Amino acid sequence: MKNSFENIEKFIKPFREMQEKLKPVIEMQKRMEHINKMQKTFENINKIYTSVPKFNNVFLEQLKSFQEIGNRLKEYEAKTPDYLLLIAQNGWYMELDCEMKFPSEIAKDFAEDKSDIANEKLTNYYTENLDRIFAEITSRHTNRKEIFEQILSAFYRGEYYTIIPCILSQVDGICFDFTKKKFFIKEKDNKYLPQISSELEKSVGSFLNIYLSPLKNQTPIMVQEKQISEFPCKLNRHEILHGINVDYGNKENSLKVISLLKYISDLLIEIEEKH
C-alpha cells in the first residue's frame with residue numbers, strides 16, 4: 001500500500017510543481033514565452049483529461065483545474081486584441097504588466113457606454129501607479145532621465161499643457177532609440193499606420209502579437225484631423241502640436257499620453273529582451 005501511495009505521489013508531483021509555476025503567469029503576462037509553452041502543455045493535459053474516466057480523485061481534479069486555466073488563456077489570447085483596441089480608441093493604452101482581467105473590465109465599461117466609469121478607473125489606476133511607471137521608464141531609457149523627472153514634477157504641479165506635447169515627443173524618441181523609426185511618422189504603404197508598427201510586427205512573438213492591435217489600427221491620437229470625429233476620444237497629436245486644440249490641458253489627457261508612453265516602452269523592452 002505504501003508503495004502505491006508513493007507511486008501516485010510521484011505521478012502527481014509534476015502537476016503540482018506545474019501549478020506552482022503557473023501562479024505568476026496568472027498574475028501577470030510579462031512572461032510571454034512562458035505562457036506560450038504552457039498553452040501547449042494545456043493542450044496535452046486537455047487530451048489526457050478527456051481520456052480519463054470521470055471518477056473522483058485528486059489527479060482528475062488537478063487536470064480539470066489545468067484545463068480551466070488553459071481555456072482562460074485561450075480566451076484571453078482571442079479577446080484581448082479587441083479589448084485593447086477599444087480602450088485605445090477611447091484614448092488609453094494598457095501597460096503590459098497590468099492584471100490580466102483589467103483590460104476586459106475596462107473594455108466592458110466602454111462597450112456598455114459607461115465611459116465615465118472607465119475613464120475614472122483608468123485615471124485612478126495611472127495616478128496610483130505614476131511614480132512606479134516613471135521609475136520603470138527612467139531605468140529603461142536612461143538617456144532621458146532628466147526629461148522624465150521634469151515631466152513627473154510638472155504633472156504634480158498641474159502643468160498639463162506643458163507636459164503633454166513633451167510626452168508625445170518622447171514616444172517618438174524612445175521608438176527611435178530602439179528601432180531608428182518613429183511612432184508618429186506614418187507609412188503610406190501600410191494604411192498610414194505608425195512606422196513603428198511594421199517594425200514591431202516583424203520582431204514580436206506570436207503571443208506578444210496580441211498586444212499590437214492599437215498599433216495595427218487607427219486610433220485618435222495618430223489619425224488625420226478629418227478622421228478625429230470618428231472616435232469617442234478627440235485627443236490628437238497633430239491638433240495639439242499645431243496649436244489647433246487649445247483645450248487639451250487636463251489631468252485625464254496627461255495620463256492618457258503617459259499610458260501611451262508606458263505601453264510603447266513595454267513593447268520595446270519585451271522585444272529587446274527577447275532578442
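Please read all numbers here as calculations on a predicted model, not as lab measurements. For the numbers below, each heavy atom of this structure counts, side chains included, while hydrogens, waters and symmetry mates do not.
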Next on the checklist: Is there a side-chain contact (heavy atoms from CB on, under 4.5 Å) between L268 and D177? Walk through the geometry before answering.
Outcome noted: CA-CA 10 Å; L268 293 170; D177 287 346; over 6 Å; no
Checklist entry - Taking it one step at a time, do D97 and K262 satisfy side-chain contact (heavy atoms from CB on, under 4.5 Å)? => result CA-CA 10 Å; D97 50 0; K262 179 57 163 56; 3.5 Å; yes
Next on the checklist: For a side-chain contact (heavy atoms from CB on, under 4.5 Å) check, start with the C-alpha distance between N119 and W92, then their side-chain angles and the critical distance, and finish with the verdict.
Outcome noted: CA-CA 9 Å; N119 286 324; W92 295 94; 2.8 Å; yes
Checklist entry - Can you tell if the side chain of L261 reaches within under 4.5 Å of the side chain of S265, non-hydrogen atoms only? => result no
Next on the checklist: Would you say E225 and H238 are linked by a side-chain donor-acceptor pair, where the criterion is simply a distance under 3.5 Å?
Outcome noted: yes
Next on the checklist: Which heavy atom of A107 sits nearest to which heavy atom of L86, and what is that distance?
Outcome noted: O-CD2, 3.4 Å
Checklist entry - Are R140 and D266 close enough, and set up right, to give a salt bridge (charged side-chain N to carboxylate O under 4.0 Å, His left out), and what steps lead you there? => result CA-CA 10 Å; R140 295 169 176 177; D266 284 351; 2.8 Å; yes
Item to check | Within one Ile-Leu-Val-Met-Phe-Trp-Tyr cluster: L152 and Y161, side-chain cutoff 4.5 Å | outcome: yes
Next on the checklist: If I compare all heavy atoms of I167 with all of V257, which pair ends up nearest, and what's the gap?
Outcome noted: CG2-O, 3.5 Å
Next on the checklist: With a 3.5 Å distance limit and no angle check, can you tell me whether S169 reaches the backbone of C166 through a side-chain donor-acceptor pair?
Outcome noted: yes
Checklist outcome for this item: So CG of N236 and NE2 of H242: to nearest 0.5 Å the spacing works out to 9.5 Å
Item to check | Euclidean distance, K145 NZ relative to N143 CG, rounded to 0.5 Å | outcome: 12.0 Å
Checklist entry - Short question: side chain of S259, backbone of K256 - any donor-acceptor pair under 3.5 Å? => result yes
Checklist entry - How about Y211 and Y263: are their ring centres within less than 6.0 Å of each other? => result no
Checklist outcome for this item: Rounding to 0.5 Å, atoms CD1 (I163) and CD1 (I151) come to a distance of 7.0 Å
Next on the checklist: Going by side chain to side chain donor-acceptor pair (under 3.5 Å), name the residues that satisfy it together with N129, two or more places apart in sequence or in a different chain.
Outcome noted: R132
Item to check | Charged N-O contact under 4.0 Å between K121 and D116 | outcome: no
Checklist entry - Side chains of C98 and P103: closer than 4.5 Å at any heavy-atom pair? => result yes
Checklist entry - With hydrophobic residues grouped by side-chain heavy-atom distances under 4.5 Å, do L85 and L215 end up in a single group? => result no
Item to check | Spatial distance of atom CG (N253) from atom CG (N250) [nearest 0.5 Å] | outcome: 4.0 Å
Next on the checklist: Let me confirm one number: the OH-NZ distance from Y83 to K108, rounded to the nearest 0.5 Å.
Outcome noted: 9.5 Å
Checklist entry - Looking at I164 and G249, what are the two nearest heavy atoms and their distance? => result CD1-CA, 4.5 Å
Next on the checklist: Would the distance check show the side chain of T127 and the main-chain N or O of T123 forming a donor-acceptor pair, the cut-off being under 3.5 Å?
Outcome noted: yes
Checklist outcome for this item: Quick note, ring pair (Phe, Tyr, Trp, His ring centres under 6.0 Å) partners involving residues 127-148, not counting sequence neighbours, are H141-F178
Next on the checklist: Between E239 and K234, does any side-chain N to carboxylate O distance fall below 4.0 Å?
Outcome noted: no
Checklist entry - Counting N and O atoms only, with roles assigned by atom type, does the side chain of S104 sit under 3.5 Å from a partner on the main chain of K101, one being a donor and the other an acceptor? => result yes
Item to check | Donor-acceptor under 3.5 Å (R237 side chain, P165 main chain) | outcome: no
Next on the checklist: Do L212 and I87 sit in one hydrophobic cluster, given that two such residues count as connected whenever their side-chain heavy atoms are within less than 4.5 Å of each other, even indirectly?
Outcome noted: yes
Item to check | Co-membership, hydrophobic cluster, residues I117 and M94, 4.5 Å side-chain | outcome: no
Checklist entry - Is there a donor-acceptor contact under 3.5 Å from the side chain of T138 to the main chain of A135? => result no
Checklist outcome for this item: Heavy-atom closest pair (F231 atom, T219 atom, distance to 0.1 Å) is CE2-CA, 4.1 Å
Item to check | Gap separating the CD atom of E128 from the CG atom of D131, nearest 0.5 angstrom | outcome: 11.5 Å
Checklist entry - Just wondering, do L122 and I106 contact through their side chains at under 4.5 Å, heavy atoms? => result yes
Checklist outcome for this item: The side chain to side chain donor-acceptor pair (under 3.5 Å) partners of E112 (sequence neighbours excluded) come to K114
Item to check | Derivation and outcome, side chain to side chain donor-acceptor pair (under 3.5 Å), residues Y126 and E252 | outcome: CA-CA 10 Å; Y126 280 101; E252 183 178 301; over 6 Å; no
Item to check | side-chain contact (heavy atoms from CB on, under 4.5 Å) assessment of C175 paired with I264 | outcome: CA-CA 8 Å; C175 287; I264 294 297; 3.5 Å; yes
Checklist entry - Counting distance only, does the side-chain N/O of D172 pair as donor-acceptor with the main-chain N or O of L168 below 3.5 Å? => result no
Checklist entry - Applying the 4.5 Å side-chain criterion to the ILVMFWY set and letting contacts propagate, would F176 and L241 be lumped into a single cluster? => result no
Item to check | Which atom of A88 lies closest to which atom of P220, heavy atoms considered | outcome: O-CD, 3.6 Å
